[in-house]
Amino acid sequence: MKKYFNSWKDIRVGFDDKKERWVVHLTPLGLTPGRPSFKTKPEAIEAAQEAFERYSNPDYQPASSHAPAAPKTAYKDITLGEAFKNFLAYDLSRAENPDVKYSIGSYGNIENRVEVMARIKIGKRLASEIMLSEFDKTTLEKFWAQLRKGRTFRTADDYWQSLANTFKRAYKDGHAKANPCDLADRPRPDDNKQRIKNVIQAVAKVSMKNLVKIVEATPEEHRLKIIFACRTGLRQQEQIALKIFDETKAGEGGIDFERNLILIRQAVKKARKVKDRFVGDPKTVSGIREIPIDADLSAQLKEYYENLPARQKGAGYLFPSRDGTMLDGKNLRDRVLYRACKNAGLERELWPTWHDLRHAFATHLLNYNKDWRRGMELIGHADIRTTLMYTHVVEDLERNEAEADALATTMNFEPAPDDEPSDDGIEADNVIQLKLAV
């Protein structure tokens, strides 16, 4: 057992299979509780960091292995607006800490949510002006009702989690007596039906008939950008971050013209301002993948890139801006895709988003190989259930015909013979009998 700890990293954090929780081992530090558990690893790491701060505080001297934790500071009530400021300051410190896997882009998302929540009104009062002690079950349910207006449950829930984390931070800082967010009733709707409908509608927008019209209406300089998205299924943030593959920078991935292969190793991370964007890991671990492309498309892309002016090839992006920097995803959608949809004469409800182009890749891929696990890998889904949403739009004509023939054979409805009398006195030629082939 360690007697001295030079860093929070010396504190053991492990997963307890029985509890299905992450456990922080604090007994060697003389802190209690000795083995607190948490649902997620980031929460456990945060607890280990805070425990080390208490352990390394010269004013704190544990008397035994079961010594009580350092006393909390006196409770001081503050407004939600002040709590938001404290939470953002803490969140920013996490984003700037290289030992914590948390990006500045994620911080930007939290900052945007906090700004929206601070302006919510409960009755006639701004939420930011209400004292934390006033947030009870009823108040929080009113707050939730405001969050749900015009938002899906999933989006509203993202905001709510930031609110809950704000209260959690306030509790740890001595500004709240508890985290009241667990008190609110927030029934979670079953949105699977709507998700399926959304997929069906999105796939309709990227039918081959529509895509041909869109591509034909796209200026030649931008045409490959749309074709590339349809043929590879890359997310927009992956496509604009894609560079020409360089063996000396294998960690960046890129498009390898020699092997006709796309290696996804990074993606653009959003920030509050476009200029603050940065390149980081893909959306999920499953986003790190390799996608084969046909030789003809590879050759076209290579020719396209080689013919770009030197000014645009400086940073090595496959699809650079006119200055050679990363493209702005919003411009890619509005100035390339939507403009082409308009020029093609498509009705507004048939305009696909850039993300919808991934549906074109997914449906054509799965229609061809029917390998759902391989489809999940190439699309970059983290959960096979997401890929299986396409079962509602993927066709298998040979399978369908075989199944229909099998049913026709095994469930054959034939008229009864004319000379067979019916038991109920009705004429035999008016009776249909069911014959099941075995």
Side-chain angles (χ1 to χ4, degrees), residues 1-78 80 82-107 109-111 113-114 132-133 135 158 160-183 281 285:
M1 183 179 292
K2 293 185 178 180
K3 295 183 179 180
Y4 302 101
F5 294 79
N6 299 316
S7 163
W8 70 268
K9 294 181 181 179
D10 294 330
I11 299 174
R12 187 156 67 92
V13 176
F15 189 76
D16 189 319
D17 291 322
K18 292 183 179 179
K19 292 183 177 181
E20 294 186 346
R21 306 272 292 183
W22 288 91
V23 177
V24 183
H25 298 264
L26 300 181
T27 302
L29 281 73
L31 303 177
T32 57
R35 298 178 76 251
S37 61
F38 303 87
K39 186 176 181 180
T40 65
K41 188 174 182 180
E43 290 177 324
I45 289 176
E46 180 184 339
Q49 292 170 332
E50 291 180 353
F52 180 75
E53 290 178 6
R54 285 191 285 143
Y55 169 82
S56 58
N57 187 339
D59 296 330
Y60 175 70
Q61 298 294 336
S64 68
S65 60
H66 298 288
K72 288 185 175 292
T73 56
Y75 167 71
K76 180 184 177 182
D77 198 11
I78 59 176
L80 180 61
E82 293 173 297
F84 277 148
K85 289 180 181 178
N86 293 341
F87 173 62
L88 286 177
Y90 163 74
D91 214 47
L92 181 60
S93 69
R94 290 181 63 211
E96 294 175 340
N97 186 346
D99 293 328
V100 179
K101 189 174 177 58
Y102 184 74
S103 73
I104 195 69
S106 297
Y107 166 77
N109 291 336
I110 299 296
E111 188 179 25
R113 291 174 198 158
V114 164
L132 295 186
S133 59
F135 281 91
D158 287 339
W160 183 266
Q161 297 310 318
S162 297
L163 177 69
N165 287 333
T166 298
F167 273 99
K168 179 180 177 181
R169 186 76 252 158
Y171 170 71
K172 291 183 176 181
D173 290 342
H175 297 304
K177 294 182 179 180
N179 187 343
C181 289
D182 292 336
L183 300 175
D281 295 334
V285 174

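- Residues Leu80 and Phe167 share a closest heavy-atom pair of CD1-CE1, 4.3 Å.
- Comment: Glu50 engages Arg169 in a salt bridge, judged by a side-chain N to carboxylate O separation of less than 4.0 angstrom.
- The two residues Asp77 and Leu132 come nearest to each other via the heavy atoms OD1-N, 3.5 Å.
- Contact record, His25 with Ile11: O-CG2, 3.6 Å, taken as the closest heavy-atom pair.
- The side-chain heavy atoms of Trp8 and Ile45, taken from C-beta on, include a pair separated by under 4.5 Å.
- Across all non-hydrogen atoms, the minimal contact from Leu26 to Ala51 is CD2-CB, 3.5 Å.
- With contacts defined as side-chain heavy-atom distances shorter than 4.5 Å, the pair Asn165/Ile110 does not qualify.
- Side chains of Lys172 and Tyr90 form no contact here, defined as non-hydrogen atoms less than 4.5 Å apart.
- Smallest separation of non-hydrogen atoms from Ala164 and Asn179: O-ND2, 3.1 Å.
- Taking OG1 of Thr166 as the start and CG of Asn86 as the end, the distance is 9.5 Å to the nearest 0.5 Å.
- Rounding to the nearest 0.5 Å gives a distance of 7.0 Å between CZ of Phe135 and CG of Leu163.
- Between atom CZ of residue Arg21 and atom CD of residue Glu43 there is a gap of 7.5 Å, rounded to the nearest 0.5 Å.
- Closest non-hydrogen pair, Trp22 versus Lys39, comes out as CD1-O, 3.6 Å.
- The environment of Lys168 atom NZ is dense: over 12 non-hydrogen atoms of other residues, nucleotides or ligands sit within 6.0 angstrom.
- Proximity of a side-chain donor or acceptor of Asp173 to a complementary backbone N or O of His175 within less than 3.5 Å is not detected.
- Using a 4.5 Å heavy-atom threshold, the side chains of Arg94 and Asp91 count as touching.
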